[in-house]
Protein chains: 2
Amino acid sequence: MDKRAKILAAALKLLVEQGFHSTPTSAIAKAAGVANGTLFHYFKTKDELILGLYADIKKDSLRKILQGIEGQQSVKAKVKTIWYNSINWSITEKEKHNFKQQFMHSPYATQLSQEDLEEELKLFSDMIKEGIEKKILKDIPIDLIYHITHYQMLAIVSYLNLNPHLIEDADFYELAFELFWDNIKRV
Amino acid sequence: MDKRAKILAAALKLLVEQGFHSTPTSAIAKAAGVANGTLFHYFKTKDELILGLYADIKKDSLRKILQGIEGQQSVKAKVKTIWYNSINWSITEKEKHNFKQQFMHSPYATQLSQEDLEEELKLFSDMIKEGIEKKILKDIPIDLIYHITHYQMLAIVSYLNLNPHLIEDADFYELAFELFWDNIKRV
DNA sequence: ACTTTTGTAGAGTGATTAGTCGGTCAGTAT
DNA sequence: ATACTGACCGACTAATCACTCTACAAAAGT
């Protein structure tokens, strides 16, 4: 019933399929089952819709990625949970993942604020700092660890999308996580 | 004088700046200093221009990345050269790198053939196979190694773009390469 | 010399697009 | 009851876009 949500859902689907600029707002409105004017009632411009969709998706992603994290866990346990959650989100929310990727690599990304770009890093930097101080993680810059981590997860997601039969394979996740952990843990 | 090249150069610049669909062909022609009709003389459609630009950039990238590779080198030496070449290309040809990334994450990527997607993997798979057989690289699927490698390089490129003072820092490259090599070498 | 091909120009066209506008209608406060 | 608010509609518009067309000049082939 919530038309705003319907518009966002239709926008997600069509924008991923057809790209940002070759998806007319009229098509989004039609797919959402609302009138053209209604779309512009909720979003002043098409750009505002796209930016709003990105913000929504990012919020959803962060919420799901942090699930099950508690302060008293070991660094490795926390990292493992985040790693699993991240990959799981990207696989189950494939459209959202693709939108995020498309958005981040498009000129829209330049519209994001510095804070917006650093939000995820800041969320994890305490944990990484803790890992370095406890001599569990390698003593390299925090944001370098974050970058490597982030892209390693993207690699696994991309690999899983090319080899979908592995999505249900718990052994593969074990292998991939250990591979990942070996890369950032202190030797 | 070569107008085709001028059109491609102008297209690269504008498409990266403004995105695929919000860059009019008329703007590309204008920036290239040619008439509208000339653009369509060289490229039947706008899509053909974009696809052609991608093909050009990919060729340039592969050529530069393979420079200095010889069969008799050790696996580590070859990997190191490719790693340096790749990162160097992405940093010096920033616009081309950005175009490639934007293209690969846009719906245009679905127009690529299977071969096109696997070309780079195939170029490296013999080397990776050699590394696994000689027990230098981890015994995990070749395409998984390739994926991890590829994304690790993207991570470094992204990190360097955020920390441009490191671009001239040879020590950083050493650190980053060893980090990378530790991840794929057999322990 | 002549014919054909190729490169170049730029005005023109039909389709499409983001966004507007005037208005209906249901709900809610007064 | 009355006034007000905001959701919602869809026809409309001004602008823009990809691409075409006609024309012409330079080169290349014969």
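Residue numbering restarts at 1 for every chain, and letters A, B, ... go by the order of the sequence lines. Below, each value reflects all heavy atoms present in this structure, side chains not excepted, and no hydrogens, waters or symmetry copies. Computed from a prediction, not measured in an experiment: that's the story for all the values here.
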Take the protein atom [atom1] of [X] and the nucleotide atom [atom2] of [N], then report the distance between them rounded to whole Å.
| X | N | atom1 | atom2 | result |
| --- | --- | --- | --- | --- |
| B/Asp2 | C/dG7 | CG | P | 10 Å |
| A/Lys3 | D/dC8 | NZ | C1' | 7 Å |
| A/Arg4 | D/dC8 | CZ | P | 12 Å |
| A/Lys30 | D/dA11 | NZ | P | 12 Å |
| A/Glu48 | C/dA18 | CD | P | 15 Å |

For [N] and [X] - does any side-chain N or O of the residue sit under 4.0 Å from the phosphate oxygens OP1/OP2?
| X | N | result |
| --- | --- | --- |
| A/Tyr42 | D/dG6 | no |
| A/His41 | D/dC8 | no |
| B/Thr38 | C/dA9 | yes |

(message) Please give the remaining members of the hydrophobic cluster of A/Val187, linking ILVMFWY side chains under 4.5 Å, ordered by chain and number.
(response)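 Other cluster members: none.
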(message) Membership question, hydrophobic clusters at under 4.5 Å side-chain separation (ILVMFWY): are A/Tyr146 and A/Ile132 in the same one?
(response)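 Yes, A/Ile132 and A/Tyr146 fall within the same hydrophobic cluster.
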(request) Mind jotting down which residue pairs meet the ring-ring contact (aromatic ring centres under 6.0 Å, His included) criterion with at least one end in residues 42-66 of chain A? Sequence neighbours excluded, please. (result)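 ring-ring contact (aromatic ring centres under 6.0 Å, His included) check on residues 42-66 of chain A returns A/Tyr54-A/Phe103.
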(message) Tell me every residue that passes side-chain hydrogen bond (donor to acceptor under 3.5 Å, both in side chains) with B/Lys134, counting only those two or more places apart in sequence or in another chain.
(response)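 In terms of side-chain hydrogen bond (donor to acceptor under 3.5 Å, both in side chains), with neighbours along the sequence ignored, B/Lys134 is linked to B/Glu130.
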(message) Please pick, from D/dC8, C/dA9, D/dC9, the nucleotide with the shortest atom-to-atom distance to any side-chain atom of B/Ala35.
(response)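 Taking heavy atoms from C-beta onward, the closest nucleotide is C/dA9.
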(request) Return the set of residues passing side-chain contact (heavy atoms from CB on, under 4.5 Å) with B/Leu175 (not counting sequence neighbours), or none when no residue passes. (result) A/Ile140, A/Leu144, B/Phe172
(message) For B/Ser125, give me all partners under side-chain contact (heavy atoms from CB on, under 4.5 Å), at least two apart in sequence or on another chain.
(response)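 Here the qualifying residues are B/Ile142.
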(request) Do nucleotides 17-25 of chain D as a string where each nucleotide becomes B, S or -: B if the base has a protein heavy atom under 4.0 Å, S if just the sugar-phosphate does, - if no protein is that close. (result) SBBB-----
